[in-house]
Each structure stands twice: as C-alpha cells, then as structure tokens.
Amino acid sequence: MRRGKLSNKSLIFIILTATFTLLSYASDQMVIRSEDKLRNTKIQFENKKNKNTEYETLSSKFTSISTNIDLKLQSYLSKRNFLIKSIILLDDEIEKTSKNSTKIFSESLGKGVEATRTFKWQIITELTDIVLFIDAMTVDFADIYIYQEELIKENNQNKIKKLKNLFFYDENMKEVTSDLESKLFYKDMSIYTDIYNLDTLTIEQTRTYRDWILENFTTKNFYDIYKYKMFLLERLYKDTNKLDKFTEILDENLLMIEDEMEDILKIIQKININKNYFILSSILFQVLSLLFLLILFKSFLITPKKTYKKILTI
Amino acid sequence: MRLLRLSLLINYFSITKNVKKAVTAINIGIFLSIFAASSAVISLYIENEISDLEYELASLSESKRYQERSSTEIPRLVSDFHRYMDIDKIYNDFTEILKLTNFGNRAISNEDRFIPFLYDIDDVLELEGLLTDDIIAELKDLINEYPEYTKKKYLQILDDFPKIIKTVIPKNEIKKYRNILFDSSYQDLLDEINNKENQLMYDGKLYKYYEESYKLFDYAIEFINMMDSISLYVIEIHKQTIDELNDAIIKKSLLEKNLVLIIFVLQFFVFLIVQFFEVSSINFNSMIKKRIK
C-alpha cells in the first residue's frame, strides 16, 4: 500500500489536535474532581447549618426559660418580705409592746376571714406556687437536657459545674439544705416540705395539714417558711445565672459556627467558579481539537503540489 | 473499520466533484467550531464575572438573613424590658397606697421597695463594652442617612451611651444588696420594721440608686429601639443591593446571549466570503489541470 508523506504543517496540526484532546480530557477530569470536592464541601456546609440550627434552638429555649424565671423572680422578690413582716407586725407579743397600733383591719371581713390567717394562708400558697413553678422549670430544662445532652456537654466541657442538676432540688437535698437548716428556728425541714409534698400526703391530708398549720404554727415557723421560700428563690436566681452563662458559651460557639459557615460558603463558591472554568475549558479544548482536525483534513485537500505560477508556465 | 481507512478517504477526495463537497463540509465544520470556540471564550469570561456577582449575592443574602434573625429578637428583648418595668410599676402603685397606712409603712421598707430593682443591675451594664470606636463610627455613618429629626435623636442616644451606661452602683454594694435580698435574718426584718428612717419612701441612697437605674433601663430600651431601626435600615440596604446584583446578573446573561449572536452573524459572513473564494479556487485549479491534460 502506498502511503503519502506528511508535511510539517500537517504534523503541527496533528500535534495541536492531540494536545487539545489531552487538555480536554484533563479538564474533564478536573470537573469530576471539582464535583467530588463540591459534594463533600456541601455536605460539610449542611452539617454546619444543621448544627447552627440546633445551637440556635437550644439557645432560644434556654433564653426563654431564663427570661421566664427572671420575670417570675422580679414579681416574687418585689413583695418578698411583705407577708412575713405583716405576720410579725400582727404577732400579739410585738403588737402589745408596739406604740403604733396596727389594728387597721376590719373585724367584720366575714366568717373565718381574718387578717393574720389571710397573711399566713398567703405565705403557704406562695411557697406552694414557687415550688410548682420550680417543678415546671425543672421539667422544661430536663426535657431539653435529655434530648440535647451530647450537644450541651460538647459546649459546656465542664466549664459550668453540675449543669445537669439545674433547678433540680430533690437530689442531694440534704447537702443543699444543710446551710438553710442552720438558719431555721425549727430544724426539721419535713414540717415545711409537707405543705406541698403530694408524695407523702394526699390532697385531703395536705388540706387538713395546712389548716392545722394556720392554727398551730407560730410566727417563727412562718419565718422558717419565709426563709425556705427565699432559699428557693436564691437557688433559682443562681441557677438562672448558670444557665445564662451557658447560653453565653453557646452563643459564642454559634458565632464561631456562623464564621465557619461563611468560610465554607466561600470555598463552595470558589470550587463552583473553578468547576465552571473547567467545564468551559474542556468544551473549548474539544472544539479547538476538532478545529485543528478539520484544518488538517482541509490541508490534505487543497495543498497544491506545485505553485500555480509553476503550473501555468508549463 | 475498513470504511474509515485513510486510503479510502484519499480516494474519495481525489475526485474533484467530491473535493468541492468535502471542502464545503469542512468549511462548515470549521465555521461551527470557530463559532463554538468563540462562544465558549465569551461564556468563560462572562460566567466568571457572573460567578463573582453570585458570590457577592450569596454573602449578602446570608448577611440579610442574619440581620433579619437578629431583628426578630429585638422586639422580644424590648418587651422583656417593658414587662420587667411594668412589674415594678405595679409594685410601686401597691407600695404607694400601702405606705399611706401605718401598717403598710412599717411592713414595707426602702430595702423591700428598691433592692429587687437593683440586685441584678450589673446585667444591664454588660452593654458597656458593646460599643467600640469602630462600631460607633459605622453607626454614625448609617444614622447620617436618616431624616434630620431622627438623626439628631439617634446621635444624641449614641453620645449619651458612655454617660449613662456606667457603673451606677459599686459592685460591692450590689453584692451587699443581694445578700440583704435573699438572706435577711429575723432580727434584720424586725430592725426594718422598727427603723423609721427606712420607711421614708423617696429619700436615701437606695432611692437615688433606683432613680439612676431607672434612667439606665429607659435608656437601654431607647438604645435597643434605635438598634432595631438601624438593623431594619441595614436590611433595606441589603435588599436594594441584592436587587441591583440580580439586575446585574440578568444584564450580564443578556450580554452573553447578544455577544454570541453577534459573533455568529460576523463569523457566518466571514464563512460565506471564505467559501466563495475557496470554491472559485477549486474551480480554477481543476480548469488548470484540464488544460495541462
């Protein structure tokens, strides 16, 4: 078989075609690699986004608990001494020795209604309300803690001690109340916890016990109830501060995640730009390769063996 | 793959009639590939520009979302402040009426009335480190865009910041008040009941602290409201910029389409001219060959 000799020009076109084909193949590979990188980075971004939402939800829930407690504290603390001071003021012994008569209450308020009894009843009710409120907060906090324990531990890293036990006063009660007991007139706490404790008494028994308290508790007993109430409010205040500190840690970490998300977004954008660049480069190289192939074919067709001038002079 | 053998192709091309057809086909191919290459270059250039704009758009959208999220928190914060102050107002009314009686006057002391408002004031003072010089300068730039009346008001709030957000009560006093608040002994209560000086409502150090703290709360609400307004303004600026960027992206995309179309028309014109000359040259070549024969 006869074979024609390739001219230099044709050789250059072949080399150019081959080079652009290789470049196109390389660009295709880069597109595949970029796509792979993009997918992984997007997964990373989605993970951060989910984490961000989790942090935001947790922070918002804790802030809500904290605000609720702050407002409740403000309301209870504003009138914290009024009832106990009223009971002290109406105490017979003080009343007798006092120059200022405090007999300002109507003596015909109705059957069974009497000022001292009303103040005493209110101080009991107030303690019960506070305990119920703390119970509600304990449940709210525990619900969040159970479902987000891992996240909370990851953020806390033991910076805030006993975070798990916030608003939970039954556990280690002896340890917690020993300081309080030293300040009470009557050291047996059970006579005060039975006011609201439905675990040891039925509703009917509690009502009877409260009636008995109204008749038999002295002013000093009511002072003990007041001290117990203030002890609970102080614990609530301290625990809220702990919760606020944890929320601050959470918010700081949230800001860090937002920064990281922004960085990842920049990387995604950069990969996207590169990917587009590679796709278009691949197309361009393919087209150029095809172009040089066509030019090569054309060179086979129209390259004259001799110049026209030479032919015409024959 | 015998059909694709080069010898067959060369045989096919050796016939003049086939050469004409082949050259026309190759020229169309060259024209299309040059057109495709130039379109790819245009797309490469404009898509890069669009990608930059899209990146800016994504960052701005993210920032806008963040501002909007923060902005939704502000009314809640202001509402909490108001609720806190409302509780104090209700208690103030209750105290004022009760203090008109001998009983009430003795049952409610200055400590009872004012300490619950002061014991946690250090929380509000955390705002103290909030405004750095850079932030103040940025805020002033934004405030300068406001109408005259609001501008004056907000600049005043900003100027008042270091004067008002300062330690109203020394820290050791706050600690002392917390102790009184949560840990009053029986004797303390008796002392308060019997201390006539302590029963004067609008007098003494506690009342002075209360007044200053109240001003601080009022200012904090005004400051937060101002920040809310600025935040809404920033969101609006973001919204406008996002709209501008979207327009720019649409314009770039349209430009790309138009450029490709213009390039097609130009190259088609060039193709026709080249085609005309090449066909003439082949005819001329075959004429010479015939003459030689």
Side-chain angles (χ1 to χ4, degrees), chain A residues 1-4 56 67 70-71 73-75 77-82 84-86 88-89 94 100-102 104-105 183 185 220 223 226 230-231 233-234 237 244 258 261-262 265-266 269-270 272-273 276-277 280-281 283-284 287-288 290-291 294-295 297-298 300-302 304 308 311-312 314, chain B residues 7 10 13 19 22-23 26-27 29-30 33-34 36-37 40-41 43-44 47-48 51-52 54-55 58-59 62 66 69 76 80 83-84 87-88 91 94 98 101-103 106-109 111-112 115-117 119-120 123 181-186 189-190 192-193 278 281-282 284-285 288 292:
Chain A
M1 199 179 110
R2 281 188 305 128
R3 289 176 195 276
E56 266 183 357
T67 310
D70 276 346
L71 293 170
L73 271 176
Q74 171 72 358
S75 150
L77 290 175
S78 296
K79 52 185 173 69
R80 71 198 187 285
N81 288 346
F82 180 69
I84 186 63
K85 278 188 180 174
S86 302
I88 294 172
L89 271 167
I94 295 171
N100 300 314
S101 174
T102 51
I104 57 158
F105 298 104
K183 292 170 186 169
F185 286 110
K220 285 179 178 170
Y223 169 78
Y226 157 80
M230 292 314 294
F231 160 79
L233 291 178
E234 189 179 12
Y237 169 69
D244 284 344
E258 275 173 1
M261 275 171 70
E262 208 168 303
L265 202 70
K266 277 179 193 166
Q269 202 62 29
K270 205 176 165 190
N272 249 330
I273 290 171
N276 287 343
Y277 183 76
L280 287 167
S281 304
I283 293 169
L284 186 66
V287 167
L288 287 174
L290 186 69
L291 179 71
L294 287 168
I295 294 173
F297 285 165
K298 202 176 166 185
F300 287 158
L301 284 177
I302 58 168
Y308 292 122
I311 293 165
L312 289 167
I314 292 170
Chain B
S7 54
I10 290 166
F13 285 157
V19 170
V23 167
I26 287 171
N27 279 348
I30 290 173
S33 50
I34 289 174
V41 171
S43 295
L44 196 69
E47 281 302 320
N48 264 350
S51 290
D52 287 345
E54 272 176 346
Y55 171 68
S59 304
E62 190 62 31
Y66 175 74
R69 265 205 319 269
R76 193 186 55 78
D80 288 344
R83 276 164 70 191
Y84 195 78
I87 291 170
D88 182 71
Y91 186 65
F94 163 77
L98 268 178
T101 64
N102 278 337
F103 173 82
R106 294 181 71 196
I108 300 165
S109 67
E111 280 91 345
D112 294 339
I115 289 179
F117 197 78
Y119 80 104
D120 217 12
D123 266 8
L181 185 77
F182 291 111
D183 202 14
S184 291
S185 67
Y186 192 76
L189 295 177
L190 282 178
E192 280 181 27
I193 289 170
E278 273 196 1
S281 114
I282 290 166
F284 178 67
N285 215 2
I288 291 166
I292 292 167

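By convention in this document, chain letters (A, B, ...) are assigned in the order of the sequence lines, proteins followed by strands, and residues within each chain are numbered from 1. Just so we're clear, the structure is a prediction, and the values are computed from it rather than from any experiment.
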Need one label for [X]: side chain, backbone, both or neither, based on atoms under 4.5 Å from any heavy atom in chain A.
X	value
B:Leu98	side chain
B:Tyr119	both
B:Asp112	both

Taking side chain as everything from C-beta outward and backbone as N, CA, C, O, which of these in [X] sits under 4.5 Å from a heavy atom of chain B? Side chain, backbone, both or neither.
X	result
A:Ile84	side chain
A:Tyr223	side chain
A:Thr67	side chain
A:Glu262	neither

Which atom of B:Ser51 lies closest to which atom of A:Ile273, heavy atoms considered: CB-CG1, 3.2 Å
task: State, to 0.1 Å, how close B:Ile87 and A:Ser78 come at their nearest heavy-atom pair, and which atoms those are.
output: CG2-OG, 4.3 Å
message: Once side chain to side chain contact (heavy atoms under 4.5 Å, CB included) is applied, do any residues pair with B:Arg83, and if so which ones, sequence neighbours excluded?
response: A:Leu71, B:Ser79, B:Asp80
Given the options [options], which has more heavy-atom pairs under 4.5 Å with chain B than any of the others?
options	value
A:Leu284, A:Leu291, A:Leu73	A:Leu291
A:Leu280, A:Asn276, A:Ile283, A:Leu265	A:Leu280
A:Glu258, A:Lys270, A:Lys79, A:Lys85	A:Lys85
A:Lys220, A:Met261, A:Glu56	A:Glu56

- prompt: Does a donor on one side chain and an acceptor on the other come within less than 3.5 Å for B:Asp120 and A:Tyr237?
  reply: yes
- prompt: When you measure from the side chain of A:Arg80 to the backbone N and O of A:Met230, does any donor-acceptor pair fall under 3.5 Å?
  reply: no
message: I'd like to verify something: which residue of B:Gly29, B:Ala36, B:Ser184 has the highest number of heavy-atom pairs under 4.5 Å with chain A?
response: B:Ser184
query: Taking the six-membered ring where the residue is Trp, are the ring centres of B:Phe117 and B:Tyr91 under 6.0 Å apart?
result: no
- request: To the nearest 0.5 Å, tell me how far A:Ile295 CD1 sits from B:Asn27 CG.
  value: 10.0 Å
field: Partner set under salt bridge (Lys or Arg N to Asp or Glu O under 4.0 Å) for B:Glu54, not counting sequence neighbours
entry: none
